[in-house]
Protein chains: 2
Amino acid sequence: MPDAMHSSKTRLLDAALTIIRARGYSATRIEDVCETAGVTKGSFFHHFKGKEDLAVAAAKYWSDTTGAFFDSAPYHRHEDPLERVLGYVEFRKAILTGKVQEFTCLVGTMVQETYDTHPAIRDACDASISGHAAKVEADIAAAMKQRKMQPRWTAKSLALHTQAVLQGAFILAKAKKDAAIAADSVDHLRCYIELLFAEYSEKRNLPDHR
Amino acid sequence: MPDAMHSSKTRLLDAALTIIRARGYSATRIEDVCETAGVTKGSFFHHFKGKEDLAVAAAKYWSDTTGAFFDSAPYHRHEDPLERVLGYVEFRKAILTGKVQEFTCLVGTMVQETYDTHPAIRDACDASISGHAAKVEADIAAAMKQRKMQPRWTAKSLALHTQAVLQGAFILAKAKKDAAIAADSVDHLRCYIELLFAEYSEKRNLPDHR
DNA sequence: GACAACATACCAACTAGTCGGTATGGTACT
DNA sequence: AGTACCATACCGACTAGTTGGTATGTTGTC
């Protein structure tokens with residue numbers, strides 16, 4: 001096995017992430033991916049069965065790389081699980097920098113085009129989103145348990161809501177060519193989570209501070 | 001001028017909405033649109049300069065038809081502007097029925113694929129989203145003024161946040177082939193708005209979580 | 001030699017867009 | 001009224017270019 005970090009397959013996957021995030025799945029041409037990766041079509045079809053196979057592999061590669069990225073983020077160091085949840089949200093806000101295609105989500109982009117026509121890609125995207133949400137859900141559930149909360153909502157639905165806000169924020173950022181609008185929505189998400197937990201933590205005996 | 005409701009141009013636009021919402025912009029073939037509309041390619045190119053022109057026209061048509069649809073919705077009858085805002089959110093939740101491509105948003109789908117390559121389409125999508133958000137913003141601003149609120153957030157950012165949640169909820173619904181997950185996110189949005197306004201209505205403040 | 005990892009050349013299918021043409025209806029002039 | 005003229009609406013075969021995929025090498029390594 002040659003250097004996995006810079007193998008042709010890895011370069012093809014990296015190129016796929018870049019191009020699909022900018023243009024979407026359908027508009028992404030295999031030849032463009034090859035050119036960006038610096039390999040030829042023969043090499044591409046050695047590593048992937050076809051375009052759909054690339055998309056599925058790209059979704060898994062995306063899950064793996066972003067998963068490792070978030071696992072190494074500093075917010076995990078908080079003792080309080082709620083601090084970890086809020087730290088996660090702040091971290092998501094902090095990485096809204098640079099060009100739009102550099103902070104938006106591969107699988108959120110792909111699933112829009114493929115959910116009805118490419119079940120394998122849809123499943124791969126769902127697995128990526130759900131897997132990521134599950135990590136957030138764990139911290140939310142821990143924070144709820146710590147406070148003995150029994151709200152009408154579940155940790156799972158709130159975790160998925162965080163993903164919905166982020167995905168929607170990406171769409172607004174694309175429409176407006178502006179990351180700031182996405183950051184505003186993430187601020188609202190943070191505010192919501194604080195309100196949800198404040199309601200239970202303080203039992204409405206809330207100090208005046210404004 | 002022939003019957004505008006069933007003219008070839010209108011049928012082409014209706015067909016475009018259906019197909020683009022299911023497959024996205026790039027994967028939509030002009031011939032499919034023509035076939036669904038029951039017209040020929042010659043007719044298509046008589047009415048539209050090309051595929052991009054169709055997409056721009058479809059975004060405007062989408063704004064017009066959905067705009068009229070929401071304008072006629074019953075939640076506008078509430079006297080209290082906050083009731084109108086919450087009524088809007090409930091209405092958005094109520095229409096999450098049927099197949100995914102029947103309740104998802106055309107412009108949210110299109111902008112993902114076109115923001116970087118088709119500025120004209122992106123602008124049309126932005127206009128559609130922003131125009132819709134502005135209507136929500138008006139009610140939010142009225143509710144804020146009524147309560148003499150001066151929060152850190154603005155009516156505009158909250159209105160755009162509602163759109164982000166909805167767009168994100170659509171992505172989750174597509175990934176999971178399930179409208180229920182979208183409804184859960186809209187519930188969280190309603191809960192958030194209630195908390196934001198309850199905070200001011202009931203004169204209670206929040207502790208600082210940082 | 002066997003196999004993985006590439007490269008080159010090529011094809012078949014698809015598709016956006018073109019183009020010459022027809023049908024219809026309005027208008028203006030005589 | 002008749003007719004010449006013109007614009008709009010529409011048709012469908014055709015083209016030029018694109019693109020996913022294949023067939024057939026070549027090279028390096030165990």
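Order of the sequence lines fixes the chain letters, A, B, ..., with proteins taken first and strands second; residue numbering starts at 1 for each chain. Computation of the quantities below employed the complete heavy-atom set of this structure, encompassing side-chain atoms and omitting hydrogens, waters and symmetry-equivalent molecules.
Of the charged side-chain nitrogens involved, at least one lies within less than 4.0 Å of a carboxylate oxygen, so that A:Lys41 and A:Glu31 count as a salt-bridged pair. Here A:Arg190 does not pair with A:Asp187 in a salt bridge; the nearest charged N to carboxylate O distance is not below 4.0 Å. Between A:Lys177 and B:Asp123 there is no salt bridge, since none of the side-chain N atoms of the basic residue sits less than 4.0 Å from a carboxylate O of the acidic one.
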Give every pair of a protein N or O atom and an N or O atom of nucleotides 15-20 of chain C that lie under 3.5 Å apart, one pair per line with the distance.
from, atom 1, to, atom 2, distance (Å)
C:dT15, OP1, B:Arg29, NE, 3.0
C:dT15, OP2, B:Arg29, NH1, 2.7
C:dA16, OP2, B:Ile30, N, 3.1
C:dA16, N7, B:Lys41, NZ, 2.8
C:dG17, OP2, B:Lys51, N, 3.0
C:dG17, N7, B:Lys41, NZ, 2.9
C:dG17, O6, B:Lys41, NZ, 2.8

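Ring centroid separation for the pair A:His76 and A:Tyr88 does not come in under the 6.0 Å cut-off. For A:Phe91 and A:Phe70, the ring centers sit closer than 6.0 Å to each other.
When each of A:Gln167, A:Gln163, A:Met110, A:His132 is paired with A:Cys105, the side-chain contact (heavy atoms from CB on, under 4.5 Å) condition holds for A:Gln167 and for no other.
To the nearest angstrom, C1' of D:dT19 lies 15 Å from CG of A:Leu54. Look at CZ on A:Phe48: it is 16 Å from P on D:dT22, rounded to the nearest Å. Per the geometry, CD belonging to B:Glu35 stands 14 Å off P belonging to D:dC11, to the nearest Å.
Within the structure, every side-chain polar atom (N or O) of A:Ser43 is placed at least 4.0 Å from both OP1 and OP2 of C:dC6. Using a 4.0 Å cut-off, no side-chain N or O of A:His46 falls inside it from OP1 or OP2 of C:dC6. Contact check, A:Thr40 against C:dT8: no side-chain N or O comes under 4.0 Å of OP1 or OP2.
Applying the 6.0 Å contact sphere to CD of A:Glu102 captures more than 12 heavy atoms from other residues, nucleotides or ligands.
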Q: Verify salt bridge (Lys or Arg N to Asp or Glu O under 4.0 Å) between B:Asp71 and B:Lys135, making sure each step is shown before the conclusion.
A: CA-CA 9 Å; B:Asp71 285 346; B:Lys135 293 183 183 178; 3.3 Å; yes
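Within the helix from C:dG1-D:dC30 to C:dT30-D:dA1, the inter-axis angle between the opening and closing five-pair segments is 0°, rounded to 10°.
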